[in-house]
Amino acid sequence: MSTGRPDRVAPHGRGVVDAGVQDGTAQAMAETQAPWPGRDGLRITGVRAVVTAPEGVPLVVVRVDTSEPGLHGLGCATFTQRFMAVAVTVDEHVGPMLIGRHPADIEDITRMVHFSSYWRNGPVLNSALSGIDQALWDIAGKRAGMPVYELLGGRVRAAADTYLHAGGATVEETLETAGEILASGYRHVRLQVGAPGLGHYGAPGTAGGYPGRPYPDGWDVQRYLRDTPALFERARSVLGEEPGLMHDVHSRLTPKQAVALARRLEPYRLLFLEDPIAPEFYDRLPEVRAAAPMPIAAGEQLGSVTDAARLVREGGVDLLRLHVSAVGGLTPARKLVALCELAGVGTAWHSPADVSPVGAAANVALDVTTPAFQIQEGHVYGEAVHEVFPGTLRPRAGYLHPSDAPGWGIELDEVLAARYPPVTHLHERWAARVRRPDGGLEAP
Ligand SMILES: O=C(O)[C@@H](O)[C@H](O)[C@H](O)CO
Ligand SMILES: [Mg+2]
């Protein structure tokens with residue numbers, strides 16, 4: 001792993017002598033090799049994680065090297081809240097199993113890695129798996145001379161329509177930002193408004209907003225249930241009928257509160273209402289969805305392909321909203337896409353600042369190759385990200401067009417990446433403050 005922090009740099013074999021990997025020289029493990037001959041002599045020669053935070057958010061990518069000079073692949077393994085755990089999983093546990101394998105055996109390699117821990121799934125293991133999976137797809141594309149979207153069967157649309165976030169301290173501030181986003185060419189915008197104390201999710205608060213309460217910086221659910229319909233009522237009168245509007249509850253409501261909010265928002269015709277309830281209660285999403293007048297989008301916190309499939313099969317979502325790396329990468333995600341297509345469920349992949357540009361490119365490859373696609377969350381990466389990851393997609397008139405370069409079309413400048421060392425506990429410092437005014441912790 002390369003993190004730009006010398007104290008954390010951990011080359012293979014750090015203090016641990018492995019049966020197959022010694023002295024930092026990668027050697028193939030006999031047991032993890034395919035029981036069939038490779039079509040040619042190409043082999044995986046190295047696997048490592050790189051952690052970098054060019055815009056403050058720690059990103060994890062995996063680089064897989066091969067025996068062919070210059071032929072390597074990149075995959076997104078970003079789980080920003082636990083980036084070090086993912087990097088160690090890649091470097092110490094998973095990477096060595098890939099040495100000597102032919103990079104074309106993506107399905108077998110990812111199944112082998114998945115089964116090999118016996119206890120499997122979860123965001124740490126799946127993010128590591130995604131890093132290698134997407135890197136192998138990148139290599140496959142480069143070998144074929146094709147962008148990954150062609151390997152997936154080719155386009156069914158030109159580009160992915162995206163939305164950005166508008167979140168202000170007041171309704172007017174939120175709508176001002178929303179107006180700027182719409183004026184710059186986007187057709188859809190996610191609206192969040194602030195509140196006293198912590199603020200509502202995605203928008204600022206005011207310190208000490210609930211004086212005299214046990215926790216004056218808290219978040220008040222009843223206030224949220226009043227503020228949100230007021231935000232959307234004003235939004236329609238200011239922004240008009242045309243823009244697509246959405247809202248992220250960020251999983252803070254009970255199923256009944258979620259239904260009440262959804263009904264109050266009906267006149268404003270949201271494109272979707274996101275994460276109305278916490279993942280712990282996903283078995284109650286079907287009842288929320290059945291009672292909600294607008295499409296329900298959920299799933300960014302899923303860390304299991306099985307749980308995601310259940311959400312689709314049991315009628316919990318109108319729009320499946322995966323953090324693709326958290327379910328294990330492109331290989332499991334494309335199976336879920338096929339399930340969505342067959343079940344009449346749409347897709348709206350998670351892609352804010354804590355998805356790497358490689359992951360964002362994987363999202364777009366899925367978006368442009370499935371009829372199930374509905375909309376894509378967008379994030380305008382800062383220039384530092386473009387420098388570290390040359391080829392990072394730039395939205396054009398609100399659309400993300402896939403790169404036509406082979407693979408993902410994205411490279412990684414590791415020298416520059418090292419200039420942006422990751423900082424721990426950014427998200428945790430925020431999440432630990434999400435409490436009600438009585439001091440009780442809330443799902444963040
Ligand atoms: O839909 C979103 O973009 C948010 O839910 C963020 O992904 C979440 O706060 C973690 O970064
Ligand atoms: Mg969200």
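Residue indices begin at 1 and follow the sequence shown. Values reported hereafter were calculated over all heavy atoms of this structure, with side chains retained and with hydrogens, waters and symmetry mates removed. What you see is a predicted model; the values in this text were computed from it and never measured. We count ligands from 1, going down the list as the structure has it; atoms in each ligand are counted the same way.
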Checklist entry - What N, O or S atom of E274 is found closest to the Mg ion (ligand 2)? => result OE2

Item to check | Stacked cation flag R155 on Y149, 6.0 angstrom / 45 deg | outcome: yes

Item to check | Reference residue T370; test side chain to side chain donor-acceptor pair (under 3.5 Å); the match among R334, E341, R157 | outcome: E341

Item to check | Non-hydrogen side-chain atoms of L245 and Y268 separated by less than 4.5 Å | outcome: no

Checklist entry - In the protein, what heavy atom is nearest to atom 4 (C) of ligand 1, and what distance, to one decimal place, separates them? => result Y201 OH, 3.1 Å

Item to check | Short side-chain donor-acceptor distance under 3.5 Å, D275 and S251 | outcome: no

Next on the checklist: Is there a polar contact, in the sense of an N or O pair closer than 3.5 Å, between H427 and ligand 1?
Outcome noted: no

Next on the checklist: Nearest N/O/S atom of D248 with respect to the Mg ion (ligand 2), by atom name, please.
Outcome noted: OD2

Item to check | With L366, the side-chain contact (heavy atoms from CB on, under 4.5 Å) member among L336, L322, V324, T347 | outcome: V324

Next on the checklist: When you measure from the centre of the six-membered ring of W219, is the NZ or CZ of R252 closer than 6.0 Å and no more than 45° off the axis?
Outcome noted: yes

Next on the checklist: Is it the case that the side chains of Y210 and D438 hold a donor-acceptor pair, with the cut-off being a distance below 3.5 Å and no angle test?
Outcome noted: no

Checklist outcome for this item: If we number the atoms of ligand 1 from 1 as shown, the ones under 4.0 Å from a heavy atom of H165 are 3 (O)

Checklist entry - Does E377 bring an N, O or S atom to within less than 2.8 Å of the Mg ion (ligand 2)? => result no

Item to check | Any R190 heavy atom less than 4.0 Å from ligand 1 | outcome: yes

Next on the checklist: Suppose we measure from atom 9 (O) of ligand 1 to each protein heavy atom; which comes out shortest, and what is that distance?
Outcome noted: H250 NE2, 2.9 Å

Item to check | H188 and Q376: side chain donor to acceptor below 3.5 Å | outcome: no

Checklist entry - What do you reckon, does R321 have a nitrogen or oxygen under 3.5 Å from a nitrogen or oxygen of ligand 1? => result yes

Item to check | Taking atom 7 (O) of ligand 1 as the reference point, the nearest protein heavy atom with its distance | outcome: H350 NE2, 2.3 Å

Next on the checklist: To the closest 0.5 Å, what do you measure between CD (Q134) and CG (L74)?
Outcome noted: 10.0 Å

Checklist entry - Can a donor-acceptor pair be found between the side chains of S116 and H114 at a distance below 3.5 Å? => result no

Item to check | Contacting atoms of ligand 1, where contact means under 4.0 angstrom from a heavy atom of P352 | outcome: 3 (O), 7 (O)

Checklist entry - Using a distance-only test with no angle check, is there a side-chain donor-acceptor pair under 3.5 angstrom linking E274 and H250? => result no

Checklist outcome for this item: protein heavy-atom neighbour closest to atom 3 (O) of ligand 1 works out as E377 OE2, 2.5 Å

Next on the checklist: Suppose we only count N/O/S atoms under 2.8 Å; would D275 qualify as near the Mg ion (ligand 2)?
Outcome noted: no

Checklist entry - Restricting to N, O or S atoms of E300, which is nearest to the Mg ion (ligand 2)? => result OE1

Item to check | Proximal atoms of ligand 1 relative to D354 (non-hydrogen, under 4.0 Å) | outcome: 10 (C), 11 (O)

Checklist entry - Relative to ligand 1, is D248 under 4.0 angstrom through side chain, backbone, both or neither, heavy atoms considered? => result side chain

Checklist outcome for this item: When distances are taken from atom 5 (O) of ligand 1, the protein heavy atom at minimum range is E300 OE2, 2.5 Å

